[in-house]
Trainee: 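Sending over a structure as structure tokens; questions will come in a sec.
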Amino acid sequence: MLAHAWRTAEFTATDALEATGLTRSTTIDAMDTLARLGLLEELPNARQAGEYRKGRPARRFSLRAEAGVLVGVDAGNVHITATVADLRSRPLATRRTTLVMDRDDPASRAAIIAAAVDDALAEAGRTRDDVLAVCVGVPAPVDASGRSPRHPRGFWERMNPGLADAFAWAPIVRIDNDASLAAVAEGAVGSAIGCRDYIALLAGVRLGAGVVVDGNVLRGTHGGVGEMVAFEHVAGVGTADGLGARVAAWTAEAVAAGEVEPGSALAAVAAGEPDPRAVLELAAGGDPGAMVIVDRLGAVLARIVSVLGSMFDPQRVIVSGAIAAGLDDVVAAARRSLPTDLDLPAPELVVSQLGADVVVTGAVSAAAADARLGALDVWMARETA
């Protein structure tokens with residue numbers, strides 16, 4: 001009954017029994033129990049709403065969206081975004097924080113992430129007591145218990161500094177890989193709606209892939225499905241650097257090698273640390289030097305997609321993240337470069353429309369999915385207590 005309420009705007013007992021297959025008496029008992037627990041609200045009946053003609057007016061119910069809140073967090077290497085949403089996943093407040101990297105240690109990172117959540121809750125007029133589910137995305141592999149394995153240089157432990165414990169105050173907690181949550185977002189509200197086999201490729205600073213096969217997000221023993229370090233051993237790719245990082249590096253290299261006309265727009269963009277999006281904008285405007293970089297990037301992306309296609313056989317690969325907004329020309333170049341002699345058909349290659357908030361959007365969607373499964377247990381436990 002709760003699952004029906006969650007996917008329906010409003011309903012009557014007749015609507016619910018037709019959808020669930022329960023008897024009328026069981027349906028009404030379940031509706032009354034959920035209303036008593038505070039998860040359903042009874043709406044004005046048809047007569048009070050001015051829609052009643054004749055006969056006995058039906059009782060109408062709806063999920064009580066304000067009964068609790070969901071929290072989604074994108075805890076990136078440099079930027080943290082925390083969003084509080086109601087039970088319908090409608091955002092109530094968002095807080096953004098930029099980390100000072102020379103002061104970034106695991107304990108302070110965990111505290112800053114928790115503070116971002118508390119600030120977002122305060123902005124929404126809610127407290128930790130209102131939270132039903134929290135989901136945090138991190139740039140690290142994460143196992144089923146929310147832990148990350150050791151990294152040779154300590155990066156994964158710093159990205160996920162015991163966040164499962166830091167958020168243990170919430171009834172439902174999920175710590176997950178950021179690319180996996182990007183895949184959740186694309187499947188829920190993005191370019192993979194209705195698609196059961198796809199990959200969301202986060203491609204900004206580092207490559208990361210959220211892999212969905214037969215409708216399930218793959219994880220692996222240590223959460224390592226989708227880690228891109230293997231591309232260090234793939235000819236034509238060479239590193240796990242993201243597309244944005246490659247644009248910046250190649251632009252600087254071209255300037256240093258004298259391949260960029262002094263005084264050109266590309267030379268101006270390359271002054272200091274090149275902005276990848278500015279370079280992509282120049283390419284879209286016809287700048288010759290920038291277009292060379294775009295073609296080179298398209299060839300690399302094609303190689304990445306070919307390898308992912310042979311490994312996971314996806315229907316679609318979606319290039320996601322903040323860098324995606326400027327990648328139309330790159331994706332077009334990659335499509336032209338996709339090999340036609342692969343054993344499997346090449347996957348469809350598209351650009352995400354969810355922008356820089358794809359991970360936090362996926363975190364809210366994942367929190368909502370977990371909440372649907374666990375809400376009744378949480379409310380029953382609260383009533384027993």
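Worth saying up front: this structure is predicted, and the values here are computed from it rather than measured.
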Trainee: Taking the side chain as every heavy atom from C-beta outward, state whether His222 and Pro141 have any pair of such atoms under 4.5 Å apart.
Mentor: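 Heavy-atom side-chain distance check fails, nothing below 4.5 Å.
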Trainee: Whether the side chain of Asn216 engages the backbone of Leu218 through a donor-acceptor N/O pair (distance < 3.5 Å, no angle test) should be reported.
Mentor: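 Judged by distance alone, no pair lies under 3.5 Å.
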Trainee: Could you list the residues that satisfy side chain to side chain contact (heavy atoms under 4.5 Å, CB included) with Ser25, not counting sequence neighbours?
Mentor: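 If we apply the side chain to side chain contact (heavy atoms under 4.5 Å, CB included) test to Ser25, skipping adjacent residues, the hits are Thr23.
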Trainee: Can you see which heavy atom on Ala265 is nearest to which on Asp287, and at what distance?
Mentor: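 It is CB-OD2, 4.3 Å.
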Trainee: How about Leu349 and Leu301: do any of their side-chain heavy atoms sit closer than 4.5 Å?
Mentor: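 Side-chain contact under 4.5 Å: yes.
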Trainee: Look at the side chain of Tyr198 and the backbone N and O of Ile193, then say whether any donor-acceptor pair between them is shorter than 3.5 Å.
Mentor: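 Judged by distance alone, no pair lies under 3.5 Å.
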Trainee: Determine, step by step, whether Thr81 and Asp74 satisfy the side-chain hydrogen bond (donor to acceptor under 3.5 Å, both in side chains) criterion, reporting the C-alpha distance in whole Å, the side-chain angles of both residues, the deciding distance to 0.1 Å, and the verdict.
Mentor: CA-CA 5 Å; Thr81 303; Asp74 176 7; 5.1 Å; no
Trainee: If the condition is side-chain hydrogen bond (donor to acceptor under 3.5 Å, both in side chains), which residues does Ser180 pass it with, not counting sequence neighbours?
Mentor: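 Once residues adjacent in sequence are excluded, Ser180 has no partner under the side-chain hydrogen bond (donor to acceptor under 3.5 Å, both in side chains) criterion.
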Trainee: Which ILVMFWY residues can you reach from Val229 by hopping between side chains whose heavy atoms are under 4.5 Å apart?
Mentor: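 Under the 4.5 Å side-chain rule, Val229 groups with nothing.
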Trainee: Using atom types as modelled and distance alone, determine if a side-chain donor or acceptor of Arg64 lies under 3.5 Å from a backbone N or O of Leu40.
Mentor: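 A pair under 3.5 Å: no.
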Trainee: State, with a plain yes or no, whether a side-chain heavy atom of Asp178 is found less than 4.5 Å away from one of Val138.
Mentor: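 When only atoms from C-beta onward are counted, Val138 and Asp178 do not touch, as no gap falls below 4.5 Å.
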Trainee: Name all residues meeting the ring pair (Phe, Tyr, Trp, His ring centres under 6.0 Å) criterion together with Phe11; count only those two or more places apart in sequence or in a different chain, and write none if there are none.
Mentor: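 Partners of Phe11 under the ring pair (Phe, Tyr, Trp, His ring centres under 6.0 Å) test: His4.
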Trainee: With a 4.5 Å limit on heavy-atom distance, are the side chains of Val351 and Ile318 in contact?
Mentor: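 The answer is no, as the side chains (C-beta and beyond) never meet within the 4.5 Å cut-off.
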Trainee: Going by side-chain heavy atoms closer than 4.5 Å, which hydrophobic residues are tied to Val364, directly or by a chain of links?
Mentor: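 Its cluster partners, ordered by chain and number, are none at all.
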Trainee: With side chains defined as the heavy atoms from C-beta onward, is the minimum distance between Cys135 and Leu181 less than 4.5 Å?
Mentor: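 Yes, their side chains come closer than 4.5 Å.
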Trainee: Please determine if Arg24 and Asp29 form a salt bridge, counting it only when a charged side-chain N lies under 4.0 Å from a carboxylate O.
Mentor: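 Result for this pair is no, no salt bridge flagged.
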Trainee: I'd like to know if the side chain of Arg60 reaches the main chain of Ala13, judged simply by a donor and an acceptor atom lying under 3.5 Å from each other, with no hydrogens or angles considered.
Mentor: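 Not at all, since once roles are kept as given, no pair shorter than 3.5 Å links the two residues.
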Trainee: For the backbone of Ala5 and the side chain of Thr8, can you confirm whether one donor and one acceptor N or O come within less than 3.5 Å of each other?
Mentor: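 Such a contact is absent between Thr8 side chain and Ala5 backbone.
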Trainee: Hey, could you give me each pair passing side-chain hydrogen bond (donor to acceptor under 3.5 Å, both in side chains) that has a residue in residues 344-362? Not counting sequence neighbours.
Mentor: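 Pairs touching residues 344-362 that pass the test: Arg96-Asp357, Glu186-Ser352, Arg316-Glu348.
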Trainee: May I have all residue pairs that pass salt bridge (Lys or Arg N to Asp or Glu O under 4.0 Å) and include part of residues 129-139, sequence neighbours excluded?
Mentor: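 The answer is Arg126-Asp130.
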Trainee: Cluster partners of Ile28, using ILVMFWY side-chain heavy atoms under 4.5 angstrom, listed by chain and number?
Mentor: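 None; Ile28 is a cluster of one.
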Trainee: Is the CZ atom of Arg335 crowded by more than 12 outside heavy atoms at less than 6.0 Å?
Mentor: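 Check passes, neighbour count above 12.
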Trainee: Sequence neighbours excluded, which residues qualify as ring pair (Phe, Tyr, Trp, His ring centres under 6.0 Å) partners of His151?
Mentor: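 His151 satisfies ring pair (Phe, Tyr, Trp, His ring centres under 6.0 Å) with Trp156 only.
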Trainee: Output yes when Asp176 and Arg174 qualify as a salt bridge under the 4.0 Å nitrogen-oxygen rule, no when they do not.
Mentor: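 The answer is yes: the pair qualifies as a salt bridge.
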Trainee: Should Glu42 and Arg59 count as an ion pair when the cut-off is N to O under 4.0 Å?
Mentor: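 The answer is yes: the pair qualifies as a salt bridge.
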Trainee: Can you tell me how far CG of Asp118 sits from OG1 of Thr127, rounded to the nearest 0.5 angstrom?
Mentor: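 Taking OG1 in Thr127 and CG in Asp118, the distance rounds to 9.5 Å.
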Trainee: Applying side chain to side chain contact (heavy atoms under 4.5 Å, CB included), can you list everything that pairs with Arg246, at least two apart in sequence or on another chain?
Mentor: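 For Arg246 the side chain to side chain contact (heavy atoms under 4.5 Å, CB included) partners, ignoring immediate neighbours, are Leu207, Val237, Thr239, Asp241, Trp250, Leu297, Val300.
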Trainee: Looking at every heavy atom in both Val260 and Ala267, which two are closest together, and how far apart are they?
Mentor: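 Residues Val260 and Ala267, closest heavy atoms: CG1-N, 3.7 Å.
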Trainee: Taking C-beta and beyond as the side chain, do Leu70 and Asp86 meet within less than 4.5 Å on heavy atoms?
Mentor: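 No, too far: nothing below the 4.5 Å cut-off.
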Trainee: What I'd like to find out is whether the side chain of Phe167 reaches to under 4.5 Å of the side chain of Ile113, using heavy atoms alone.
Mentor: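 A side-chain contact exists here, since the closest heavy-atom pair is under 4.5 Å.
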Trainee: Filter on side-chain hydrogen bond (donor to acceptor under 3.5 Å, both in side chains), then keep only pairs touching residues 223-234, sequence neighbours left out; what's left?
Mentor: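 Every pair satisfying side-chain hydrogen bond (donor to acceptor under 3.5 Å, both in side chains) with a residue in residues 223-234: there are none.
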Trainee: So, using side-chain hydrogen bond (donor to acceptor under 3.5 Å, both in side chains) as the criterion, who are the partners of Arg158 when residues are at least two apart?
Mentor: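 Arg158 satisfies side-chain hydrogen bond (donor to acceptor under 3.5 Å, both in side chains) with Asp104 once adjacent residues are dropped.
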Trainee: For the pair Arg147 and Asp143, find out whether any cationic side-chain nitrogen is under 4.0 Å from an anionic carboxylate oxygen.
Mentor: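 Salt bridge flag = no for Asp143 with Arg147.
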Trainee: Within a strict 4.5 Å, meaning less than it, do heavy atoms of the Met228 and Arg206 side chains meet?
Mentor: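 A side-chain contact under 4.5 Å is absent here.
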